[in-house]
Colleague: 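There's a structure below that I have some questions on.
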2 protein chains.
Amino acid sequence: MPRAGLDAGSVTAAGAALADEIGFDRLSMGLLAERLGVKAPSLYKHVAGQADLSHRIGILAMTEIADAIGEATRGRAGRDALVAGADAMRTYALEHPGRYTAGNAARPGGPDDPLRAAVDRLFASWSAMLRGYRLDPDQEIHVLRLLRSTLHGFASLEATGGFRIGIDVDDSFTWVVRFIDQGLRTTRQ
Amino acid sequence: MPRAGLDAGSVTAAGAALADEIGFDRLSMGLLAERLGVKAPSLYKHVAGQADLSHRIGILAMTEIADAIGEATRGRAGRDALVAGADAMRTYALEHPGRYTAGNAARPGGPDDPLRAAVDRLFASWSAMLRGYRLDPDQEIHVLRLLRSTLHGFASLEATGGFRIGIDVDDSFTWVVRFIDQGLRTTRQ
DNA sequence: TGGCTTTGGCTAATTCCGTTAGCTAAAAGC
DNA sequence: GCTTTTAGCTAACGGAATTAGCCAAAGCCA
């Protein structure tokens with residue numbers, strides 16, 4: 001019985017990949033173990049259980065999304081940053097539906113839960129998307145919530161098949177992002 | 001052993017209520033049976049299983065949301081309809097988080113799945129919210145998707161605690177709805 | 001009223017999944 | 001090379017969904 005060379009990171013990564021393939025809700029310890037060529041109880045040497053695994057996948061997702069948006073908006077501002085960041089976010093959710101779901105389901109446990117750091121980074125990425133718009137500081141929180149709501153709602157509806165069979169979904173997304181851009185440009189009050 | 005007087009409708013309603021209380025993901029046949037003063041296998045005389053139960057709760061939710069929005073927008077148009085419908089939707093999601101989750105998770109089974117009718121009614125309610133805005137017919141689908149995305153995203157983030165401890169969430173929601181209203185008013189192209 | 005049929009409960013048993021306990025061999029350290 | 005730690009494994013438990021099969025309550029009809 002040679003060892004499989006697993007650790008928390010590789011188990012999490014494999015779990016994330018499997019969740020993307022079969023759906024986060026269908027992810028099970030048994031399936032993941034089989035995928036890794038190992039028996040289910042062995043996974044408990046690396047993660048504390050299914051809840052811990054889901055949490056870790058969620059942290060991975062948050063981190064990856066923050067990175068994707070951050071990279072997309074690097075060196076851009078205004079509409080360019082908004083469009084690039086929005087596209088990065090949507091693409092991530094479409095390409096990694098399982099992780100995306102895990103990321104949204106994850107709730108920070110303690111005060112030093114690494115999830116908090118990941119969420120903070122993601123927030124920084126969201127803010128970066130708004131660089132270049134002259135926003136009234138009092139309104140910034142509302143704008144941020146608008147952005148998150150709209151992009152998360154769109155990605156979530158699209159990923160779960162909420163839009164009638166994909167007619168013009170790309171067009172809709174472009175339209176939506178432009179709508180927000182124009183609104184932000186003309187927002188006074 | 002007197003009978004409990006259950007049927008598919010009452011089981012579904014009780015399941016929906018329980019899901020709202022403890023969360024849709026924690027809903028189980030055993031808990032629901034206990035709540036109804038019955039043993040778990042007895043539920044199978046009324047619903048085909050947990051998947052069927054979830055599906056029925058989803059249909060119930062879609063129908064109730066359509067009704068709530070429809071009633072809120074009755075006799076209104078333009079911004080009044082938008083604000084009233086958006087409030088109705090948000091309120092529903094907050095007061096019935098379990099059902100709301102079930103409604104979003106439900107996928108139509110066959111061509112004559114009653115879920116389809118419920119979804120159609122909900123779409124009609126969405127459209128009613130836009131009555132009074134002179135929308136380019138080519139853009140209407142995009143506007144609808146913007147509305148759904150934003151409201152669903154907001155409701156979903158708020159219901160799952162996605163917004164940092166409820167500071168100004170009401171204000172944000174009002175701001176977001178106004179943002180959309182103003183955008184729709186000035187949309188040309 | 002009385003008997004027949006249908007229906008909606010029940011218990012018992014199966015299966016599947018997550019999880020824990022305890023064993024053992026592989027790796028790592030001295 | 002010997003000891004210690006670690007990462008697999010098998011066996012077993014508990015909980016949840018589900019199915020089979022039994023039986024009494026309700027409904028129906030002469």
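Everything numeric in this text was worked out from a predicted model, so none of it was measured.
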Colleague: With sequence neighbours left out, which residue pairs that include part of residues 92-101 of chain A fulfil the salt bridge (Lys or Arg N to Asp or Glu O under 4.0 Å) condition?
Modeller: A/Asp20-A/Arg99, A/Glu64-A/Arg99

Colleague: Considering only side-chain heavy atoms of B/Ala4, which listed nucleotide, C/dG9, C/dC17, D/dA16, is closest?
Modeller: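 Closest nucleotide among those given: C/dG9.
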
Colleague: Of all residues at least two apart in sequence or in a different chain, which pass the ring pair (Phe, Tyr, Trp, His ring centres under 6.0 Å) check with B/His55?
Modeller: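 With neighbours one apart ignored, the set is empty.
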
Colleague: Calculate the interatomic distance between B/Arg3 atom CZ and C/dC10 atom P; express it in whole Å.
Modeller: 11 Å

Colleague: Does B/Asp7 have any side chain to side chain contact (heavy atoms under 4.5 Å, CB included) partners at least two apart in sequence or in another chain, and if so, which?
Modeller: B/Ser10

Colleague: Take the protein atom CE of B/Met29 and the nucleotide atom C1' of C/dC16, then report the distance between them rounded to whole Å.
Modeller: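 So the CE-C1' distance, B/Met29 to C/dC16, works out to 16 Å.
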
Colleague: Distance-only criterion, 3.5 Å: show the donor-acceptor pairs between side-chain atoms of residues 29-49 of chain A and protein atoms not counting sequence neighbours.
Modeller:
residue	atom	partner	partner atom	Å
A/Arg35	NH1	A/Glu21	OE2	3.1
A/Arg35	NH2	A/Glu21	OE1	2.9
A/Ser42	OG	A/Lys39	O	3.2

Colleague: Under 4.0 Å from any atom of DNA chain C, heavy atoms only: list the residues of residues 6-26 of chain A that qualify, in numerical order.
Modeller: none

Colleague: Give the residues of residues 35-60 of chain B touching DNA chain C, defined as any heavy atom closer than 4.0 Å, sorted by residue number.
Modeller: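 Those residues are B/Val38, B/Lys39, B/Pro41, B/Ser42, B/Lys45, B/His46.
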
Colleague: Report the residues that fulfil salt bridge (Lys or Arg N to Asp or Glu O under 4.0 Å) with B/Asp120, sequence neighbours left out, ordered by chain and then residue number.
Modeller: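 Applying salt bridge (Lys or Arg N to Asp or Glu O under 4.0 Å) to B/Asp120 gives A/Arg164.
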
Colleague: Between A/Tyr100 and A/Phe24, is the ring centre distance below 6.0 Å?
Modeller: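 No, too far apart.
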
Colleague: Sequence neighbours left out, what passes salt bridge (Lys or Arg N to Asp or Glu O under 4.0 Å) with A/Arg56? Give chain and number order.
Modeller: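 A/Arg56: salt bridge (Lys or Arg N to Asp or Glu O under 4.0 Å) contacts with A/Asp52.
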
Colleague: Please name all residues satisfying ring pair (Phe, Tyr, Trp, His ring centres under 6.0 Å) with A/Tyr133, sequence neighbours left out, ordered by chain then number.
Modeller: none

